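Here the structure is laid out as structure tokens; the discussion comes afterwards.
Since the model is a prediction, treat every value here as computed from it, not as a measurement. Just follow the structure's listing: the first ligand is 1, and inside any ligand the first atom is 1.
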Amino acid sequence: MDDKKYIIVTGGAGYIGSHTVVALRENGFYPIIIDDFRNANRDIIQRLEETLKEEVIHFSISCQEKSRLSGIFSQFPIYGVIHFAAYKAVGESVKNPLKYFDNNFSSLITMLELVREYEVKHFVFSSSCTVYGDPDEIPVTEDSPVSYNSPYGFTKKVNEEMIEQFISSVPDTKAVALRYFNPIGAHASGTIGEEPEGIPNNLLPYITQTAIGLREELTVYGDDYNTEDGTCIRDYIHVVDLAEAHVAALKYLPKSKEHMSTFNVGTGKGTSVMEMVHFFQEVTGKHLKYHIGDRRDGDIPKIYADTNKANDLLGWKTKLTVQDAIRSSWKFQEFISDYRK
Ligand code: WQD
């Protein structure tokens, strides 16, 4: 009897997924990556294997291909599923909502069907602070009002509700939704990190690509917000700490008395765009070209997490700083620019 704790990691070749694969393996779990590489480079597998110094189990399958996925669930005794695979670009979701509804809803439904059929006991869902919309009160707790301001945010909110309703129908299965704040940073080796396709939407990848010469100049989207320096405030969490939160969730689930629980995964601290620009220059010693531009549609002025629930119940807290994240992201940018030449 194979008593290894196999964990299906959908989207395991992606940015957060790949770091979670490393954290799982380092904590004695056996990740099985399910990813069709529509939004990841295939060479991530080799880089993961070099980091872990062993083979990584992976299958190139979409989360909508149920019969092929069934083959994996019948081949391995699955201890848990971590479901990352989803589209995640807010702007694109506004232009093409059906693409988001199709993928983000049907992938979750397929995974939940497999959870039911193969009696998988533990399910971890990748959610987002986007479900808080533009909050009236900060920091946000898990009980803060939930809303959405994009089709992407709508899919995350509805996905959480789908899991909640589904999970009551499978008494032996428990679920956790992790609401990520703003993940940044890279693995300390500098060989695994965030590699956006095309022009980055997110702040730190835009900064590192500018500093390495791939982009002309950073535009700071507005400095007339009602914040101390006028730029927007976010809760930037190191992706390695975020990956650890998934391990903590898997360890918590068997002990949990709740069928489904939700946790904020952030640092509890806010950092402004201009602070990020200054930290980047301090940490790397690189000059960053930037100018102040107009506000970006849909941006909220300020959000950060109340992390007490995750700290207390998951026994998890962040260990790394924004400066650590900037340092590792820059190391990864230097590595990947060279690697792609
Ligand atoms: C951060 C700040 C920008 C780029 C994203 C997702 C959201 C959720 C959290 C997933 C903002 C400013 C950015 C640039 C800038 N994740 N900025 N110039 O908007 O908080 O949200 O992460 O679920 O759904 O969209 O992150 O990195 O895009 O922006 O000034 O070129 O940086 O205005 O204040 P955001 P971001």
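Which parts of ligand 1 touch V90 is read off a 4.0 Å heavy-atom cut-off, strictly below it: atoms 24 (O), 25 (O). Residue V273 has at least one heavy-atom neighbour below 4.0 Å for each of these atoms of ligand 1: 2 (C), 12 (C), 30 (O), 32 (O), 34 (O). Taking a cut-off of under 4.0 Å to the non-hydrogen atoms of T130, the atoms of ligand 1 that pass are 24 (O). Listed by atom number, the atoms of ligand 1 under 4.0 Å from V220 heavy atoms are 30 (O).
In summary, K66 and E117 engage in a salt bridge, as defined by a charged side-chain N under 4.0 Å from a carboxylate O. Taking the charged nitrogens against the carboxylate oxygens, R234 and D299 do have a contact shorter than 4.0 Å, which makes a salt bridge. The pair E244-K319 fails the salt-bridge criterion, with no side-chain N (NZ, NE, NH1 or NH2) lying under 4.0 Å from an Asp/Glu carboxylate O. With respect to the salt-bridge test (charged N to carboxylate O, under 4.0 angstrom), the residues E161 and K157 qualify. In summary, D338 and K341 engage in a salt bridge, as defined by a charged side-chain N under 4.0 Å from a carboxylate O.
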Stepwise ring pair (Phe, Tyr, Trp, His ring centres under 6.0 Å) check, H246 with F84: CA-CA 11 Å; H246 296 79; F84 289 104; 5.0 Å; yes
Worked check of side-chain hydrogen bond (donor to acceptor under 3.5 Å, both in side chains) between Q333 and S329: CA-CA 6 Å; Q333 184 66 65; S329 279; over 6 Å; no
Test ring pair (Phe, Tyr, Trp, His ring centres under 6.0 Å) applied to Y30 and F76, step by step: CA-CA 10 Å; Y30 287 82; F76 298 92; 9.9 Å; no
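Contact annotation for D299 and ligand 1: only side-chain heavy atoms (C-beta onward) come within less than 4.0 Å of the ligand. Of the heavy atoms in T219, only backbone atoms (N, CA, C, O) come closer than 4.0 Å to ligand 1. Residue contacts with ligand 1, taken as heavy atom pairs separated by less than 4.0 Å, do not involve Y225 at all. Under 4.0 angstrom from ligand 1, the non-hydrogen atoms of L218 all belong to its side chain. Within the 4.0 Å heavy-atom criterion, the part of Y152 lying near ligand 1 is the side chain and not the backbone.
For atom 11 (C) of ligand 1, the closest non-hydrogen atom of the protein is R234 NH2, 3.9 Å. Of the protein's non-hydrogen atoms, C232 CB, 3.0 Å is the one closest to atom 34 (O) of ligand 1. Distance from atom 16 (N) of ligand 1 to its nearest protein heavy atom, with residue and atom name: S128 OG, 3.8 Å. For atom 36 (P) of ligand 1, the nearest protein heavy atom (residue, atom name, distance) is N202 ND2, 3.5 Å. Summary of contacts: the protein heavy atom closest to atom 21 (O) of ligand 1 is N182 ND2, 3.9 Å. In terms of protein heavy atoms, atom 4 (C) of ligand 1 is closest to N201 O, 3.4 Å. Closest to atom 2 (C) of ligand 1 among all protein heavy atoms lies Y236 OH, 3.5 Å. In terms of protein heavy-atom proximity, atom 19 (O) of ligand 1 is closest to R296 NH2, 2.8 Å.
Checked by distance only, ligand 1 and L203 come closer than 3.5 Å through their nitrogen or oxygen atoms.
The minimum heavy-atom distance between K156 and F125, with the atom names listed, is NZ-CZ, 3.9 Å.
Counted by atom type alone, N311 and T307 present one or more donor-acceptor pairs between their side chains at under 3.5 Å. With no hydrogens or angles considered, no side-chain donor-acceptor pair links T141 and D143 at under 3.5 Å.
A cation-pi arrangement is absent between R116 and F166 under the rule of less than 6.0 angstrom and at most 45 degrees off the ring axis.
For atom 17 (N) of ligand 1, the candidate residues are Y148, Y221, F181, Y206; the nearest heavy-atom contact is made by Y221.
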